[in-house]
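Before any comments, here is the structure.
Quick note on labels: first sequence line is chain A, next is B, and so on, each numbered from 1. Just so it is clear, the model here is predicted, and its values are computed rather than measured.
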Number of protein chains: 2
Amino acid sequence: MTERLVVVGGDAAGMSAASQARRLLGRDDLAITAFERGEHTSYSACGIPYFVGGDVRPLERLVVRTPAEFRDLYDIDVRTRHEVVEIDTRTARVRVRDLDAGSEKWQAYSHLVVATGATPKRPQWPGIDADGVFGVQTLGDGVALDALLTEGACRSAVVVGGGYIGLEMAEALVRRGVPRVTLVERDEEPMPTLDPDMGALVRTALEDVGVAVRTSTIVDAIETDSTGRVRAVAAGQDSIAADVVVLGLGVRPASALAEAAGIEVGPTGGIRTDRRMRTSAEGVWAAGDCVEVFHRVSRGPAAVALGTHANKQGRVVGINVGGGYATFPGVVGTAISKICEHEVSRTGLTVAEAGAAGFETVAVVVESTTRAGYFPGSEPMRIKLVAERGSGRLLGAQIVGRAGSAKRIDALAVALWNGMSVGEIEGLDLSYAPPFAPVWDPVLIAALEAHGAVSAPGR
Amino acid sequence: MTERLVVVGGDAAGMSAASQARRLLGRDDLAITAFERGEHTSYSACGIPYFVGGDVRPLERLVVRTPAEFRDLYDIDVRTRHEVVEIDTRTARVRVRDLDAGSEKWQAYSHLVVATGATPKRPQWPGIDADGVFGVQTLGDGVALDALLTEGACRSAVVVGGGYIGLEMAEALVRRGVPRVTLVERDEEPMPTLDPDMGALVRTALEDVGVAVRTSTIVDAIETDSTGRVRAVAAGQDSIAADVVVLGLGVRPASALAEAAGIEVGPTGGIRTDRRMRTSAEGVWAAGDCVEVFHRVSRGPAAVALGTHANKQGRVVGINVGGGYATFPGVVGTAISKICEHEVSRTGLTVAEAGAAGFETVAVVVESTTRAGYFPGSEPMRIKLVAERGSGRLLGAQIVGRAGSAKRIDALAVALWNGMSVGEIEGLDLSYAPPFAPVWDPVLIAALEAHGAVSAPGR
């Protein structure tokens with residue numbers, strides 16, 4: 001008998017699950033229907049800042065596959081503008097609303113994949129819904145902001161939130177010629193996923209390209225003019241002029257639909273799954289930004305909205321639905337970003353995160369170069385390692401530097417994944433030639449320093 | 001009582017050992033003398049092609065530290081133009097020749113570090129000593145070749161040997177405007193440290209910049225004119241015109257001095273040491289290109305002439321001489337090179353090397369891009385993984401691509417170091433953002449493919 005796979009959410013995780021399942025099972029064995037509330041499938045939300053900044057055009061380049069391609073290539077029935085509004089796990093059905101027709105119907109499933117993604121955080125500030133306030137999640141967000149910038153109507157912009165997306169948007173606005181761009185961040189430095197000493201380097205990078213950085217600043221309200229358009233951001237005594245406000249406050253797992261169906265949600269707000277991405281409900285799987293994952297260093301749950309995890313998890317679901325066996329092994333918290341001429345990356349735990357996870361730590365920061373010092377194009381980079389006191393086990397790493405620095409985080413992410421100590425890392429056989437590294441790669445120098453610090457008396 | 005450390009060879013390994021020992025022991029505890037046959041200490045031989053190509057000027061930038069700096073900073077008595085011609089392990093002395101004065105004397109040691117480096121391979125071809133034939137090892141080699149190129153006297157050059165240095169020199173000659181540059185390689189493709197399918201990509205890269213590539217070609221002789229200058233390279237029926245011949249045939253460990261003293265030398269021709277870099281003779285240590293190392297994948301001995309190993313090994317010796325404890329953990333065969341606009345890297349074993357080490361292998365090649373496909377500057381790259389049949393354990397990796405590809409080898413080198421299987425590698429948390437990688441990093445795509453191949457029926 002033909003089984004039916006129903007997918008809720010037509011982005012990376014959901015469509016990876018669907019297409020992977022199709023690779024294993026033909027249409028006689030498995031019918032696949034995917035419901036997507038929006039108009040697009042499988043687009044690169046992480047590409048939106050680069051569309052707005054003008055690097056990537058046209059917008060369609062951000063769409064990995066269209067609904068038509070999924071139909072033609074994978075025989076997947078993709079329904080855009082269809083929102084799943086209820087899951088009934090008892091009868092194994094979902095209630096779907098056709099957003100254009102306004103009608104609803106029930107759809108039965110043999111396997112259900114919940115891939116509802118994440119919801120941007122949107123505080124209940126007065127004026128938050130004013131014209132000129134933009135999120136950065138859907139392609140529509142990008143298009144609307146782009147249109148406004150193209151009109152030249154934006155003389156001042158405020159980006160609220162100094163995480164990856166916030167910083168990338170601040171850069172995009174500068175590149176589009178907005179005369180006054182201000183970044184507002186609640187924490188003491190931008191990029192609070194780094195330790196403050198590394199975040200301070202990011203602040204400098206932003207200021208170098210003309211972004212005004214206001215940290216330790218709490219937004220109270222969005223001020224509007226008589227027409228209902230944003231005109232400023234109010235923070236304490238200050239009113240920061242703004243024709244445009246971009247919200248980059250991060251996201252939370254969109255787990256409400258699953259939770260309402262009685263599916264277990266973890267402390268991070270993400271849907272809880274086992275290693276095969278099965279939820280607590282029979283026949284229901286989950287993948288992508290809506291789930292909670294295992295952090296291999298803290299050994300606790302984490303919610304990490306990142307396309308790379310979504311793709312991996314979706315693939316795992318697809319293999320399992322297709323009758324194979326696959327597991328998602330967890331994350332170590334790796335992330336990377338480009339901000340103007342600077343690159344930023346991190347993996348594992350910061351000093352504060354390690355402390356919260358119960359570790360005592362030793363941390364070092366070293367300054368080195370991306371290439372042999374004498375080689376043209378050699379750029380400065382700084383690297384911080386966080387190691388466990390006593391054992392010297394690597395717990396985390398952070399890199400801020402210029403072109404050619406940040407991707408080095410991968411070697412450290414693999415070392416971290418394998419539980420290596422900084423003393424072991426210093427012996428690693430990393431590639432060396434003058435156009436690529438000093439004879440001691442910055443990663444090795446940092447490990448040497450950290451090993452020395454861990455071995456110092458009293459440690 | 002003051003002990004005396006004597007270092008034979010004033011380059012990376014020897015001077016690292018000396019300066020590291022000095023960090024641990026002051027002058028009252030340890031006197032340090034280093035003998036160097038040449039005129040320079042601690043220079044970057046791997047930088048010579050970039051000096052010749054014009055990227056790095058002046059030559060002095062390749063010198064990491066001068067003898068005067070070692071004296072002033074580390075209280076190391078450096079004697080250049082002094083050659084150690086005999087080691088007497090019984091009486092713990094070395095016989096030293098002052099090359100300028102022509103005199104000799106004996107010098108006693110408490111600890112001896114043999115860091116004699118490597119000797120370029122120089123076949124006994126007729127005409128090999130002709131004017132216009134250059135090696136690529138000492139700074140003097142670079143200076144002499146540069147002078148000739150500056151005169152504009154070179155219209156045709158032949159580089160013999162298609163390894164890293166040979167290719168880098170071929171590129172340097174092209175960049176200096178030599179109209180005809182030919183690369184001659186005995187094997188079927190250039191870069192024989194890669195599998196031939198990947199070497200073929202390097203051939204294309206060379207041809208793209210105008211280098212004539214002649215593979216499967218054995219040189220018989222260097223032809224000279226009546227003045228004793230090179231005029232051609234004879235290979236079989238062919239005579240390849242050449243005003244300049246550059247020898248890039250690789251090196252062998254310079255272990256003759258140690259061997260003559262009865263110190264054990266291994267099957268690779270390198271001095272055998274234990275993990276603390278002790279030789280078979282009491283009080284005698286060795287480090288750098290003259291030693292044989294443990295290859296962690298083949299589990300056999302290997303001789304790898306590379307500054308990064310030399311520095312690590314020298315440091316290990318220095319710590320041990322200074323009363324500490326340090327070991328050299330071996331290598332996995334990582335190497336990297338830039339050839340024109342292409343980058344090449346490798347780690348572990350090739351298919352052929354894995355076969356020689358007794359493994360049965362599964363290999364895959366995938367093509368991907370350095371950044372998200374839609375992101376400006378995204379460049380093509382190809383990556384090959386070699387895995388053990390059955391277990392799927394990674395045995396080696398090779399990358400050929402454009403800017404931003406090759407340093408990815410480090411993540412694979414760390415995975416290899418830790419004995420990861422391709423199935424484990426596909427789950428790694430590597431960094432992703434559009435300016436740095438596709439949502440599936442090429443490393444992960446290759447691991448997925450390899451995992452699939454290993455799991456296929458019959459594997």
Side-chain angles (χ1 to χ4, degrees), chain A residues 12 44 46-47 50 55-56 61-62 64 164 296 306-312 327-338 343 345 347 372-376 404 406-411 413-415 417-418 420 424 426-437 439-441 443-444, chain B residues 12 44 46-47 50 55-56 61-62 64 164 296 306-312 327-338 343 345 347 372-376 404 406-411 413-415 417-418 420 424 426-437 439-441 443-444:
Chain A
S44 173
C46 18
Y50 306 106
D55 287 309
V56 178
R61 299 202 66 189
L62 296 183
V64 180
Y164 294 94
R296 297 171 62 100
L306 209 52
T308 183
H309 303 322
N311 273 281
K312 286 198 196 87
T327 62
F328 181 74
V331 305
V332 293
T334 311
I336 192 166
S337 183
K338 183 171 172 299
E343 300 181 355
S345 58
T347 191
Y374 59 77
F375 200 86
K407 246 302 188 182
R408 277 180 165 85
I409 205 73
D410 285 352
V414 182
W417 188 278
N418 286 285
M420 295 181 83
E424 289 167 329
E426 79 184 24
L428 281 171
D429 187 359
L430 301 184
S431 58
Y432 161 64
F436 297 97
V439 68
W440 287 97
D441 191 279
V443 166
L444 302 178
Chain B
S44 172
C46 17
Y50 306 106
D55 287 309
V56 178
R61 300 201 66 189
L62 296 183
V64 181
Y164 295 94
R296 295 170 64 100
L306 209 52
T308 182
H309 302 322
N311 273 280
K312 287 201 196 86
T327 62
F328 181 73
V331 305
V332 292
T334 312
I336 193 166
S337 183
K338 183 173 172 297
E343 301 182 355
S345 59
T347 190
Y374 60 76
F375 200 85
K407 244 304 188 180
R408 278 182 164 83
I409 205 73
D410 285 352
V414 182
W417 188 278
N418 287 284
M420 294 181 85
E424 289 167 330
E426 79 184 24
L428 282 171
D429 187 359
L430 302 184
S431 57
Y432 160 65
F436 297 98
V439 68
W440 287 98
D441 191 279
V443 166
L444 302 178

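- In terms of non-hydrogen atom pairs under 4.5 Å with chain A, the most contact-rich of A433(B), A437(B), P376(B), G427(B) is G427(B).
- Heavy-atom minimum distance, N418(A) versus M420(B): ND2-SD, 3.3 Å.
- If you tally non-hydrogen atom pairs under 4.5 Å between each of E424(B), H309(B), K407(B), E426(B) and chain A, the highest count goes to K407(B).
- Atom CZ in R296(A) sits 9.5 Å away from atom CG in D429(B) (nearest 0.5 Å).
- For the set A310(A), S345(A), S337(A), the entry with the most heavy-atom pairs within less than 4.5 Å of chain B is S337(A).
- Contact record, G47(B) with Y374(A): CA-OH, 3.4 Å, taken as the closest heavy-atom pair.
- When all heavy atoms of C46(A) and P434(B) are compared, the closest pair comes out as O-CG, 3.6 Å.
- Distance check: F375(B) CZ to D55(A) CG gives 5.0 Å after rounding to the nearest 0.5 Å.
- Here CG of D441(A) is found 8.0 Å from OG1 of T308(B). Values are rounded to the nearest 0.5 Å.
- A415(A) touches chain B through backbone and side chain together, each having a heavy atom under 4.5 Å away.
- Each of I409(A), V332(A), T347(A), V414(A) was checked for a side chain to side chain contact (heavy atoms under 4.5 Å, CB included) with L430(B), and the lone residue meeting it is V414(A).
- With a 4.5 angstrom heavy-atom cutoff, R408(B) touches chain A only via side-chain atoms.
- In terms of heavy-atom proximity, P435(A) sits nearest to K338(B) at CB-CD, 3.7 Å.
- The two residues K312(B) and L428(A) have their closest heavy-atom pair at NZ-O, 3.1 Å.
- When heavy atoms are compared at a cutoff of 4.5 Å, F436(B) approaches chain A by way of both its backbone and its side chain.
- If you tally non-hydrogen atom pairs under 4.5 Å between each of Y164(B), Y432(B), W440(B) and chain A, the highest count goes to W440(B).
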